[in-house]
Amino acid sequence: MDPLPDPALVVLVGAAGSGKSTWATRHYAAPEIVSSDALRAVVGSGPADLDASSEAFALLDQIVSGRTRRGLTTVIDTLGLDRDRRLRYLARARETGLPAVAVVFAIEDRLCRQRNSARDRPVPAPVLTTQLKAARATLDLVAEEGWDRVVVVDQGVAEVTIATPAST
Ligand code: ATP
Ligand code: MG
């Protein structure tokens with residue numbers, strides 16, 4: 001993979017268990033990663049405390065706002081499947097002059113289900129099915145949304161850039 005721009009606003013997109021947080025930790029320093037799960041654990045009883053979601057996302061937005069205002073690399077580690085949110089992050093990148101990067105985790109459903117079931121608190125199978133469908137649909141959407149780079153992570157290993165301003 002060509003190096004990603006740095007600083008940048010990087011938005012991860014993918015179903016639960018598709019490898020987003022693992023990838024983020026491999027490529028970025030901890031303070032650069034803003035995770036809705038981690039923030040649920042800060043304001044709620046743990047990463048899966050859905051009652052804490054709205055406060056966690058409010059904090060996330062505040063952190064994204066502060067870091068991007070300072071031109072700091074910010075990796076948004078959420079499912080990334082909510083289009084309105086995703087487009088707000090893209091708009092924030094534009095406002096602050098940061099390159100906007102979407103990283104879509106397009107691993108095989110079977111592998112994602114395997115990884116999910118091996119985890120401490122697996123997401124229920126029907127929820128994962130919905131997320132996997134949404135992630136596939138999002139892969140087509142992001143290509144048209146105007147990101148400076150769209151990176152597709154396949155199996156967590158091969159990484160292919162499918163769209164750059166130069167190639168589109
Ligand atoms: P969530 O949306 O629930 O936060 P996630 O997309 O962040 O999920 P991870 O927590 O990164 O997913 O990964 C899920 C599981 O898959 C973990 O057990 C992790 O160790 C494993 N995993 C992630 N990436 C890889 C990889 N490239 N190779 C092998 N296993 C991986
Ligand atoms: Mg994660």
Side-chain angles (χ1 to χ4, degrees), residues 1-4 8-64 67 73-90 100-143 145 147 149-162:
M1 176 174 76
D2 292 338
L4 291 177
L9 178 70
V10 181
V11 176
L12 309 184
V13 177
S18 60
K20 300 178 298 295
S21 301
T22 303
W23 184 92
T25 307
R26 258 183 220 162
H27 291 89
Y28 292 92
E32 295 176 322
I33 305 167
V34 192
S35 150
S36 50
D37 280 354
L39 292 169
R40 273 192 202 97
V42 171
V43 287
S45 61
D49 184 354
L50 295 183
D51 287 342
S53 279
S54 66
E55 276 172 283
F57 274 95
L59 275 175
L60 184 139
D61 288 345
Q62 196 179 341
I63 295 167
V64 170
R67 291 189 62 84
T73 287
T74 308
V75 181
I76 303 180
D77 182 6
T78 67
L79 291 177
L81 299 173
D82 179 327
R83 190 161 202 230
D84 290 344
R85 284 202 150 271
R86 204 168 56 240
L87 293 178
R88 264 187 271 143
Y89 302 142
L90 176 60
V101 179
V103 183
V104 185
F105 292 77
I107 70 165
E108 278 173 36
D109 288 11
R110 192 181 43 84
L111 184 57
C112 194
R113 287 184 201 286
Q114 259 174 23
R115 288 182 187 168
N116 177 58
S117 55
R119 296 173 92 185
D120 280 352
R121 271 185 313 274
V123 170
V127 175
L128 190 59
T129 299
T130 305
Q131 290 181 4
L132 285 165
K133 267 192 208 145
R136 256 194 307 278
T138 303
L139 190 54
D140 294 332
L141 289 175
V142 288
E145 286 173 353
W147 299 85
R149 285 276 294 274
V150 175
V151 176
V152 180
V153 178
D154 173 12
Q155 319 293 330
V157 181
E159 293 167 5
V160 197
T161 299
I162 58 167

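As the structure lists them, so they are numbered: ligands from 1, and atoms in each ligand from 1. Along the sequence shown, the residues carry numbers beginning at 1. Bear in mind the structure is a predicted one, so any value in this text is a computation, not a measurement.
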Is any N or O atom of K20, backbone or side chain, closer than 3.5 Å to an N or O atom of ligand 1?
-> yes
Any pair with a residue in residues 10-19 that passes salt bridge (charged side-chain N to carboxylate O under 4.0 Å, His left out), sequence neighbours left out, goes on the list, sorted by first then second residue, please.
-> none
Counting from 1 in the order shown, the ligand 1 atoms closer than 4.0 Å to a non-hydrogen atom of S21 are 4 (O), 5 (P), 7 (O), 11 (O)
Cut-off under 2.8 Å, centre the Mg ion (ligand 2), protein N/O/S atoms | S21 OG
State, with a plain yes or no, whether a side-chain heavy atom of T138 is found less than 4.5 Å away from one of V104.
-> no
Does at least one non-hydrogen atom of R121 fall below 4.0 angstrom from an atom of ligand 1?
-> no
Nearest neighbour of atom 30 (N) of ligand 1 from the list Q131, R115, R119, on a heavy-atom basis | R115
CA sep, side-chain torsions, deciding dist, call: V103, V10, side-chain contact (heavy atoms from CB on, under 4.5 Å) | CA-CA 7 Å; V103 183; V10 181; 3.7 Å; yes
Considering residues, nucleotides and ligands other than Q114, do more than 12 of their heavy atoms fall under 6.0 Å from its CD?
-> yes
Just jot down the side chain to side chain donor-acceptor pair (under 3.5 Å) partners of E145, sequence neighbours excluded, or say none.
-> R83, R86, W147
Looking only at heavy atoms, is any part of Q114 under 4.0 Å from ligand 1, and if so is it the side chain, the backbone, or both, or is it neither?
-> neither
Could you go step by step and tell me if V13 and L139 meet the side-chain contact (heavy atoms from CB on, under 4.5 Å) rule?
-> CA-CA 9 Å; V13 177; L139 190 54; over 6 Å; no
Pull out every atom of ligand 1 sitting under 4.0 Å from any heavy atom of G17, numbered as shown with elements.
-> 1 (P), 2 (O), 3 (O), 5 (P), 6 (O), 8 (O), 12 (O), 14 (C)
Report yes if some heavy atom in the side chain of L79 is under 4.5 Å from a heavy atom in the side chain of F105; otherwise report no.
-> no
For ligand 1, which part of A15 has a heavy atom less than 4.0 Å away: the side chain, the backbone, both, or neither?
-> backbone
Any nitrogen or oxygen of G19, main chain or side chain, under 3.5 Å from a nitrogen or oxygen of ligand 1?
-> yes
Within a distance under 4.0 Å of any heavy atom of T22, pick out the atoms of ligand 1 and give their elements.
-> 9 (P), 11 (O), 13 (O), 19 (C), 23 (C), 24 (N)
Hey, can you pull the donor-acceptor pairs under 3.5 Å for the side chains in residues 124-137, sequence neighbours left out?
{"from": "T129", "atom 1": "OG1", "to": "R113", "atom 2": "NH1", "distance (Å)": "3.3"}
{"from": "T129", "atom 1": "OG1", "to": "R113", "atom 2": "NH2", "distance (Å)": "3.3"}
{"from": "T129", "atom 1": "OG1", "to": "A125", "atom 2": "O", "distance (Å)": "3.0"}
{"from": "T130", "atom 1": "OG1", "to": "P126", "atom 2": "O", "distance (Å)": "3.1"}
{"from": "Q131", "atom 1": "OE1", "to": "A16", "atom 2": "N", "distance (Å)": "2.8"}
{"from": "R136", "atom 1": "NH1", "to": "D109", "atom 2": "OD1", "distance (Å)": "3.0"}
{"from": "R136", "atom 1": "NH1", "to": "D109", "atom 2": "OD2", "distance (Å)": "3.1"}

Just do the side-chain contact (heavy atoms from CB on, under 4.5 Å) check on D77 and Y28 with the steps written out, would you?
-> CA-CA 11 Å; D77 182 6; Y28 292 92; over 6 Å; no
Contact atoms of ligand 1, heavy-atom distance to A16 under 4.0 Å = 1 (P), 2 (O), 3 (O), 8 (O)
Would you say D77 has any N or O atom under 3.5 Å from an N or O of ligand 1, going by distance alone?
-> no
Could you give me the CA-CA distance, side-chain angles and deciding distance for R85 and I76, then say whether side-chain contact (heavy atoms from CB on, under 4.5 Å) is met?
-> CA-CA 11 Å; R85 284 202 150 271; I76 303 180; over 6 Å; no
Honestly, for D37 the part within reach of ligand 1 (heavy atoms, under 4.0 Å) is side chain
Check: V34 and L39 side chains under 4.5 Å, non-hydrogen atoms = yes
Between L4 and H27, is any pair of side-chain heavy atoms under 4.5 Å apart?
-> no
